[in-house]
Amino acid sequence: MNQANHSRFPAWSPRALLRNRAFLTVAIVILVWVVAGFAKPGFGSYGHLRYLLELAAVIGLVAIGQTYVVIAGGIDLSVGAIVTVSAVGVPLVALSGDGSGTFAVLIILVAATSIGFLNGLGVAYLRIHPMIMTLAMATFLQGVLILIAGGTAISAQNPLLAWLGNARIIGIPAGVLLWAVVSGAALAVLHATPFGARLYALGANPLASALSGINVQATTMAVYAVSGLAAGLAGVLILGMNGQGYVGIGDPYLLASIAAVVLGGTSILGGSGSYAGTIPGAILLVTITALITVVNASAGWRSILFGSLILLLLLLSGRESQRR
Amino acid sequence: MSSMIRTGDDRLYWRVQGERNRGLMGLFAVVAAFLALYAYLFPGLLSVAGVSKFAQSWLPLALVAMAQAILMLTGGISLAIGATVSLGAVIAATTMSGYFGVAGGIVAVSASGLVIGALCGVIAIRLRLPAIIVTLAASFIIGGLALLILPRPGGAIPGWFSDLLAGNTPAALVLVFLVALLWKLYLATPLGLSLYAAGENPVGAYRAGVPVDAARIAAYAISGLLSTLAGLFIAAQTGSGDPVIGQAFTLNSIAAAVLGGVGFLGGRGTMRGAIAGSLLLSVMINVMFFLGFPPVAQYVAQGLIIIGAVALPQLTARFRRRP
Amino acid sequence: MTPQAIIKANGLSKSFFGNPVLQNVSIALEPGRIHALLGENGAGKSTLINLLSGALAPDGGEIEIDGRSHRRLTPSEARRAGIAVVQQELSLTSDLSIAENIGLGAYPRRFGLIDYKALARKAREVCDLVGLEENLSTPVGDLPLGRRQMVEIAKALFRKPRILVLDEPTSSLSAHEAQTLTRLLQRLRAEGTAILYISHRLNEVMRLCEHVTVLKDGKVTADRSLQGVDAAGLVRLMVGRDPGDLFPHWTPSPERQTIVEVTGFSSGLLRDIDLEIKRGEILGLGGLVGQGQEDLLLGLYGALPASARRAVFNNVAGLPSSVSRANALGLAYVPADRKREGLHLIHSIAWNMMLPDFGKARGLSRRDPAAERKLATELADRLSIKGDLTRQVQALSGGNQQKVALAKWMPADPPILLLNDPTRGVDVETKREIYVLLRRFAAQGKAIVLSSSDTPELVHLCDRVAVMREGGIAALLEREKISEEAIVAAAMGAEAAKVAA
Amino acid sequence: AAKCIKGDRKAPYTIGWANIYSVPTWMKQTEGTIAAEVEELKKKGLVDKLVITDAQGDANVQIQQIQSMIDADVDAIILIAGSSTAPARVVADACAKGIAVINFDSLVDTDEVTAKINTDSNEWGDTAAKWLIAELGGKGKILVLNGPAGISVSDDRRKGANAALAANPGIEILAETNTAYNVAPAQEAVTSLLFAHPEINGILSLGGALSAGAILAMDKQGRPMVPITGENARQFLELWKEKGLKSWATMQPNWLGAFATYTAVQALEGKDVPAFVKVPLPVIDNSNIDGYLARAKDFPADGYIFSPYDQKLFDELLAAK
Ligand SMILES: Nc1ncnc2c1ncn2[C@@H]1O[C@H](COP(=O)(O)OP(=O)(O)OP(=O)(O)O)[C@@H](O)[C@H]1O
Ligand SMILES: [Mg+2]
Ligand SMILES: [Mg+2]
């Protein structure tokens, strides 16, 4: 029996590791760090790498939701707007008697989750294509932002956020720690729960999933809600790190989150991939950005270099396996 | 066994065209309603000048919607559309008033679009890299090129050419029809029609003798061409070049295509749908203006209109559908 | 005098990721002969034809066409040599029309453009050959599975092949369509076409073919004339030992209590149907393809909007409103189109088997990998699915894919099984296993609804057969009345009436 | 009469504001000054309606919206251009129709407008560079932070600094960045640059949010503060005070919006207005920063503390040649 079981579930092999996108992406990150560290003194310093991780934490958090959504066969174009809404929103809901600021953060996270949930509702019940639904939601949120932002003096005097943005625990920035904890949870949910399995099912073949008794609607709504929550969390973190939110603060995270997901080996077509690849994907992205920043060249050349680097690294980290 | 030509067989092409309208009637109705509303709010629309001006603002979006749709039909997507539009505009504005003149400029713009598109296609398809991230990288490279050519807005388009394309003539409308016609012509070629098969079922298409890779790379090239031509038109319309003018077109082209029922996984959708989608996005802006919406309402309404335009036909078709 | 072979494969071998799938396989196709290629699921038949048509490159060996040998045959060379392959609905594009699909890759041109007039004419010719009456402009996506298969065949004929390869062409065809195909093949044979025919329906093979090549585990175990071979002999060739009866002995189940009852049931095509399903029975659904069999199954399963004046499922009143609800009521459904509706091709075999459980379990509970592996291994053993269970399902042969689609419901032990053509593409041995399984389920008191395009299956397996026609039940045959003739007659009733009218 | 004005339009006027993007705080504040001005003018019976469009950052949409304003026959269009070239033709069309076109902040390369109103971006860069060079004594290593590439405003500010920088070979530019005029991207970029360059003596920043981002980056790394230029962004001014910096800032006053509205009505009323109104750059330095910060609470936290204005100021500006 054991013998049979073995042939049916072959043991893990080193060769499989080399075909693993997440692993390859990690290897590339390390490679880039080493090369850049030698080429640009200061780049590879501990402090800088730690800072890159802090930046990656924000992208990484947003990309949790994006990874989930993409695996489930969708895409979320509203994450940037949700990040902004939550970063701008926390001060607005600051309540007296909420000394630690926890309550304000919780309210914002609930709001962000609800926005995601609405996305899911549109996708699941109105059967609106996720791109259209989330793009429309992003537009909608812009309108909301005009209403809520900038009108009054808003600045974040929130102790919890200040801690999140600045504290170091045994030398590790609180934001990175938060990312690590949430990532652990995200990975566990993705790979060790039936909910995670449902995402893979949905992304690979929604029809077969429905006929197998998976509640497609509920799963869809849940996954977009998770995406909203993750973006909300990222918004809160970025507010903590910056001390202040502003309209447009979330804009860079839309394409960054998608890029991190795809660089990490998750198929944009859905059904396969893992957040394990997105993590190094996010780190890779901030690393390249930092690298380009320190190159002294005209804006045009920097842009060209950035694009070429992404292409090159993509070539290394592996190709999309052919899909039938 | 007799093989009698059956009624309708002789008009196969037109019947096929008719079938392709199915599923789009809802969108067509929404677009028509908006056009009617626009004409009601602004009766001046129903004049040569009115139509001309509206068509001018719509044409670039229609072109990029087509550029995106053709890729989506093959199962690809491009995030480089915006940058390619900018590049087209910049090349037009720097070449046309130079030695080679307007004709040389058109050639340069077209050639750069074809080449850049084909390159993206070759990289994405031959190297089997995911299109979305290849084109994201390409958008930086292409955008960088545009900045190198024209670091800040400038350049010039000869006045007569601007007036020809974007004066008080319905040239833009004619161009829309012309491009649509060329598209129909392309779809009537074996390579063109292969798009659908190559998008939906590449393995099967390959086995059936469809040059799958060629069809896809050609789609990328055409997409690049349409994008730079949109840039050329914008340059003519504005009389100059701007290295970041196209940025918004990336997402808008996707929105228009998806709104028009073009599927994300390849092989599903029609160009007429994408064009209708772009028309809706374009006319919506004017309608909201004439309804006097303040910015907040513009954003909110825009979101709702887009959702509504997709949801309504979906909901009505609901009962005929499988889960 | 034996005619010269048009195409010959000599010593072909092929392996995937180091697993040999074909080893030293030789085969020769002659004009005017229908050549059967038989073998169990996964024996390598499809792979062999992929080599013959240039879709895959062999690792070793060569292919000889008209005496010219090719080491590496490309698809276009193969096509030019006159080889056409009927894949199983694999190469159709749903948004294109029937005519455009038929001509795909070989469009008649005029000034570089597709000549739609010529296309219509030629497409109509081949459609007539295969009995496709539909409008040529109909998008293929609108057609039911069986019709799509006919389009696929028409597409092969469109190229006027000298060598026609058919990979399980009849597996989704109704008896009527299969007959059309039989006549067609006989005609092509008479015209001198070389035909390679893959099927798991041995009676067809017996009726049609003159010569057989049998593959077992990637090796040729027989290459001989079919003369003097009977069905049992064929099976013996394939499995290498004496076959038992294909169908298990039918015994009535003791329990015949009604478990599902619907009156005035409508869904999809179906209008106002009354039906009772009993524990311990296999209720067959027969008839031409697309007469509402699938709508009935899907409607009962909560996957298609349905209504009924009265409905009782497992003592609960009302129709299930959703699939999860249906599952909770004890229903399970195995779809016909396994690739689109049944399986997650990019996921592993084991993962696919766990799917209903993933749908049912509490979302954030913990998965138990050890238990999952154990269960998957058990299921695989039970349905003799061999090898590594972490392989993607798409790397399985068609028959084995079907087994996976069936296997995933077994752990739930549902009392009501809705099966839509469950033995499509399944080899005889496995078929037999499935039949035994179904009868055993019935004996255990489960209710089984079996929609099948394979009439013998209905005859030998079912307690009752409902023959469907135009969205209604044309006849409900009790055990003693069930025969191929009765089923076909009931199914054709409408056709006959139409012709008469 | 002023350019574009034909004299056939009578009060009360309909004013169209063709905004490029109304979501950023600077724009919201500007819209505030415009709305306030319109209220004033309504009281005088000069204006009856303000129509606002938002092109969502897309210069093409802005052209379309200006066209709609022409179609709707508004009396005046005030414009912040999304591109320095793109709206030129449609603006000329408006001008030809007798619509008063007042272009402020981001200007269009055309003369077919009633008036352009702006501070001088070249001068901005030039003064900033000179201040920094003087502060560094003509010698030192600096970073240059600039707004997005390909935009005239950022390009002009940067070009303005060129002459002064070239004249002082002792100043070494370690690196230049282009980011959106926002805190977070600037902070990111500067952080990386700080790691790459252990010695930095000054920062030439050509935008307020950029300066704030730079200070936050230095602060977080515990790097000593260096002289830095900036703009009237509230966050920057507060950081300046908090960290006790040596700084210099100027501004693009939000009341340019109100001023443009006022100018439009003046032109429609038949007054002659100059084709280009150069608004002097207000300077904030250690001498007057407290005055600005005293009013801080009246402005959004992520907004800009602009200098006070009144109609007298407007009249003076219009009168100056
Ligand atoms: N591309 C591939 N990658 C990996 N394994 C493959 C591939 N193609 C085929 N196989 C394996 O090769 C074997 C032969 O497959 P093939 O499809 O030829 O079988 P078959 O004889 O057609 O079976 P069936 O009767 O079920 O259709 C199977 O075990 C299958 O899993
Ligand atoms: Mg096979
Ligand atoms: Mg098979």
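Proteins come first, then strands; the chains are lettered A, B, ... in the order of their sequence lines, and each starts at number 1.
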Checking C/Asp59 against C/Ser15: is there a side-chain donor and acceptor pair closer than 3.5 Å?
yes

Side chain / backbone / both / neither for C/Ala405 at chain A, heavy atoms under 4.5 Å:
neither

Flag the one option from C/His347, C/Arg325, C/Lys386, C/Arg362 with the top tally of heavy-atom pairs under 4.5 Å to chain A.
C/His347

Could you walk me through whether C/Val449 and C/Leu417 satisfy the side-chain contact (heavy atoms from CB on, under 4.5 Å) test, starting with their C-alpha distance in whole Å, then the side-chain angles of each, then the deciding distance to 0.1 Å, before giving a yes or no?
CA-CA 6 Å; C/Val449 183; C/Leu417 276 169; over 6 Å; no

Under a 4.0 Å N-O cut-off, is there an ion pair linking A/Arg8 with C/Asp381?
yes

Top of C/Asn352, C/Val334, C/Asp357, C/Thr390 for chain A proximity - count of heavy-atom pairs under 4.5 angstrom
C/Thr390

Cut-off 3.5 Å, side chains only: do C/Asp167 and C/Ser46 have a donor facing an acceptor?
yes

For C/Ala380, which atoms come within 4.5 Å of any heavy atom of chain A: side chain, backbone, both, or neither?
both

Could you check whether A/Asp76 and A/Tyr224, counting side-chain N and O atoms only, form a donor-acceptor pair closer than 3.5 Å?
no

Taking the six-membered ring for Trp and the single ring otherwise, decide whether the centroids of C/Trp351 and A/Tyr200 are under 6.0 Å apart.
no

If one checks every heavy atom of A/Ser209 against chain C at 4.5 Å, the contacting part turns out to be both

Part of C/Leu418 lying under 4.5 Å from any heavy atom of chain A:
neither

Max heavy-atom pair count under 4.5 Å with chain A, selected residue of C/Arg391, C/Arg367, C/Lys408
C/Arg367

Side chain, backbone, both or neither: which part of C/Leu343 has a non-hydrogen atom closer than 4.5 Å to chain A?
backbone

